[in-house]
Amino acid sequence: GAGSLLDCGGVALAGLPSLGQGGSGNHLTISAGGALQGGGIAIALSNYGPGGNNNSVMVTDPGSRIYSPDDSIDIRGSGGSLTVQAGAEVTCSGVNVGSATPYSGFVSNTVIVTGTGSSIHGGIYGAACNIGDNSSSTNNSLFVSAGASFAMGPNSMSIGSNNTATIAGTLSGRTMSVWGTLNNSGILQVQGGDSNLYGTLNNSGNWVAGTVIVIGTINNAGTFTADAVWWYSSDCTSLGAGSMSARTALVSNGSTFTVG
């Protein structure tokens, strides 16, 4: 309830990291103004490869929070989830969804930020976000619903191949690399650094960027504003039906480029 606080050096949910073993079907709920403060959360943690399956953390209700600004939240194993909903808040240094270098094979893990005022952020240090990898960690996903936000601050986002982020609320940060799929119908703000697009970005919302390097595919039905666009993709030869505004643009893809 309100004012309740669990203060600890870290939580390993369904994990025995020293032994490299992980359990399954474990759940942690923080609600009604309760708080978890400490050194990060590992969901299905294993130091020697994939951990357990179907483990979850839910933070729900206004005032409920996880406060771990110096540590990350790591979701490994398969079928794990972090849900931040109904105005709850998570402060951390990063969220790794099925991503744990040098290990791989983490599949179908999910982070959901939903409900007006719900947020994941990293304070002044930002919160990096890594979704899957370019190896066997696949089908991992991030969802940010309308009215919710994920603020990376000065940090970056990476979406591995065969992994997905879907944004209907607000996603903001400094840099971004997309090998998988990013769907934006809300507000996408990636400013101060590069956005490297090797996979697919579907934009029907408002996308504001610094330098955008296009090697993959952009389907733009919304508004796209950038400082600079370097378009090298030979597979994507049309901007789409939306609008693009850039101070500097270069198209070098060996084929006819169509606007509209």
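Note that the structure is predicted; figures quoted are calculated from it, not measured. All residue numbers refer to positions in the sequence shown, counting from 1.
- Hydrophobic clustering, with ILVMFWY side chains joined whenever heavy atoms are under 4.5 angstrom apart, groups W231 together with L197.
- With a 4.5 Å cut-off on side-chain heavy atoms, I120 and V111 count as touching.
- In terms of modelled atom types and a separation under 3.5 Å, the side chain of N196 and the main chain of S177 share no donor-acceptor contact.
- With I73 as the partner, the side chain to side chain contact (heavy atoms under 4.5 Å, CB included) test is satisfied by one option alone out of V57, L82, V97: L82.
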| request: Walk me through it: do M152 and M176 pass the test side-chain contact (heavy atoms from CB on, under 4.5 Å)? | output: CA-CA 10 Å; M152 297 180 289; M176 176 176 69; 5.8 Å; no
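- Every residue two or more places apart in sequence or in another chain was checked for a side-chain hydrogen bond (donor to acceptor under 3.5 Å, both in side chains) with D227, and none qualifies.
- Under the 3.5 Å distance criterion, the side-chain polar atoms of S93 are matched with a main-chain donor or acceptor of S72.
- Here the CG atom belonging to L188 is positioned 5.5 Å from the CG atom belonging to L182, to the nearest 0.5 angstrom.
- In this structure, T248 and V229 have side chains that are not in contact, with every pair of non-hydrogen atoms separated by 4.5 Å or more.
- Nearest heavy-atom pair across C92 and D71 is CB-O, 3.4 Å.
- A donor-acceptor pair is defined here as one N or O able to donate and one able to accept, closer than 3.5 Å; no such pair exists between the side chain of N162 and the backbone of N139.
- Although no hydrogens or angles enter the test, the distance criterion places a donor-acceptor pair under 3.5 Å between the side chain of N140 and the main chain of N109.
- Residues satisfying the ring-ring contact (aromatic ring centres under 6.0 Å, His included) test with W179, not counting sequence neighbours, are Y198.
- Hydrophobic cluster membership is shared by L28 and V84, with clusters built from Ile, Leu, Val, Met, Phe, Trp and Tyr side chains linked at under 4.5 angstrom.
- The closest side-chain donor-acceptor pair between T114 and S145 falls under 3.5 angstrom.
- Going from atom CD1 of I112 over to atom CD of Q85 covers 8.5 Å, rounded to the nearest 0.5 Å.
- With rounding to the nearest 0.5 angstrom, the OG1 atom of T166 is 5.0 Å from the CZ atom of F143.
- In this structure a side-chain-to-backbone donor-acceptor pair under 3.5 Å is present from N134 to S161.
- The distance from atom OG of S119 to atom CZ of R65, rounded to the nearest 0.5 Å, is 11.5 Å.
- Under the 3.5 Å distance criterion, the side-chain polar atoms of S137 are left unmatched by any main-chain donor or acceptor of G132.
- For the side-chain hydrogen bond (donor to acceptor under 3.5 Å, both in side chains) test, no residue two or more places apart in sequence or in another chain qualifies with Q189.
- In this structure, S118 contributes its side chain and A86 its backbone to a donor-acceptor pair below 3.5 Å.
- Partners of T181 according to the side-chain contact (heavy atoms from CB on, under 4.5 Å) rule, which considers only residues two or more places apart in sequence or in another chain, are T164, N183, T200, N202.
- At least one donor-acceptor pair under 3.5 Å links the side chain of S64 to the backbone N or O of A32.
- If you take CG on D74 and CG on N130, they are separated by 9.5 Å, rounding to the nearest 0.5 Å.
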Contacts table for residues 206-216: side-chain donor-acceptor under 3.5 angstrom, sequence neighbours left out:
none

| request: Would you sort out whether L201 and N219 count as a side-chain contact (heavy atoms from CB on, under 4.5 Å), showing the intermediate values? | output: CA-CA 6 Å; L201 194 153; N219 299 306; over 6 Å; no
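- Taking OG of S108 as the reference point, atom CD1 of I75 lies at 12.5 Å (rounded to 0.5 Å).
- Between the side chain of R174 and the main chain of N155, no donor-acceptor pair closer than 3.5 Å is present.
- Listed by chain and residue number, N184, N220 satisfy the side-chain hydrogen bond (donor to acceptor under 3.5 Å, both in side chains) test with N203 (two or more places apart in sequence, or in another chain).
- Side chain of T91 to backbone of Y67: no donor-acceptor contact under 3.5 angstrom is found.
- When all heavy atoms of S195 and V190 are compared, the closest pair comes out as OG-CG1, 3.4 Å.
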| said: With side-chain contact (heavy atoms from CB on, under 4.5 Å) as the criterion, how do V59 and L36 come out once you've worked through the C-alpha distance, each side chain's angles and the decisive distance to 0.1 Å? | reply: CA-CA 9 Å; V59 192; L36 170 64; over 6 Å; no
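- Two different hydrophobic clusters hold I218 and Y232 under the rule that ILVMFWY side chains link at heavy-atom gaps under 4.5 Å.
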| message | If you apply the rule side-chain contact (heavy atoms from CB on, under 4.5 Å), what do you find for L142 with M157, and how did you get there? | response | CA-CA 11 Å; L142 166 69; M157 164 175 276; 3.5 Å; yes
